[in-house]
Amino acid sequence: MSQHPPRHIRVSEFRFDIPRRGGAGTFSVPRHLLGWTDTFIDEATGERYDLAYVLAQLHAQGWDVHDLTKGRGTFRETVQRLPLPHGGQFAPGDPATREA
């Protein structure tokens with residue numbers, strides 16, 4: 001048995017080790033970021049990695065990338081104004097203001 005008791009790892013703490021392009025070591029990617037970003041930055045070198053590279057490396061390590069990216073968020077265009085159901089419009093940035 002291990003001398004350390006097992007502990008629960010929160011999703012926000014779970015990290016994947018992704019090999020660098022140069023082959024000199026790895027950098028870590030938090031699991032929760034797989035659903036919300038398209039670019040990952042290696043903090044040690046400052047190099048940018050795109051989502052396709054990270055998913056290819058995870059697939060090579062045996063991870064099910066479809067399961068990891070399930071429920072991935074989508075970003076839409078920002079609109080200037082939204083109509084409200086009872087008339088008026090909502091101006092983004094000020095939820096308390098209703099314009100007639």
Practice task
Would you mind checking if Arg20 and Glu47 are paired as a salt bridge, meaning a charged N to carboxylate O distance below 4.0 Å?
Solution key: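 The answer is no: the pair does not qualify as a salt bridge.
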Handout entry: Validation row: Leu34, Leu58 side chains within 4.5 angstrom (heavy atoms)
Key = yes
Problem - Test: Arg21 cationic atom under 6.0 Å from Tyr53 six-membered ring centre, within 45° of axis - result: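 Checked: cation-pi criterion met.
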Fill in the blank from the handout: Separation between CG (Leu55) and CG (Leu68), nearest 0.5 Å, reads 8.0 Å
Fill in the blank from the handout: Rounding to 0.5 Å, atoms CD (Gln61) and CG (Asp17) come to a distance of 7.5 Å
Handout entry: Any donor-acceptor pair under 3.5 Å from Thr37 side chain to Leu33 backbone
Key =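 Checked: no pair found.
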Handout entry: Flag, side chain of Gln57 to backbone of Ala52, donor-acceptor distance under 3.5 Å
Key =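 No; zero donor-acceptor contacts below 3.5 Å.
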Problem - Connected via hydrophobic side-chain network under 4.5 Å: Ile41 and Leu51 - result: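 They do not share one cluster, since no chain of ILVMFWY contacts under 4.5 Å joins Ile41 to Leu51.
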Exercise for the section: Determine whether more than 12 heavy atoms belonging to other residues, nucleotides or ligands lie under 6.0 Å from atom CZ of Arg72. Expected result: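 Check passes, neighbour count above 12.
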Exercise for the section: Check Phe40, Phe16, Tyr49 against Phe27 for a ring-ring contact (aromatic ring centres under 6.0 Å, His included) and give me the one that passes. Expected result: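 With Phe27 as partner, Phe40, Phe16, Tyr49 yield a single ring-ring contact (aromatic ring centres under 6.0 Å, His included), made by Tyr49.
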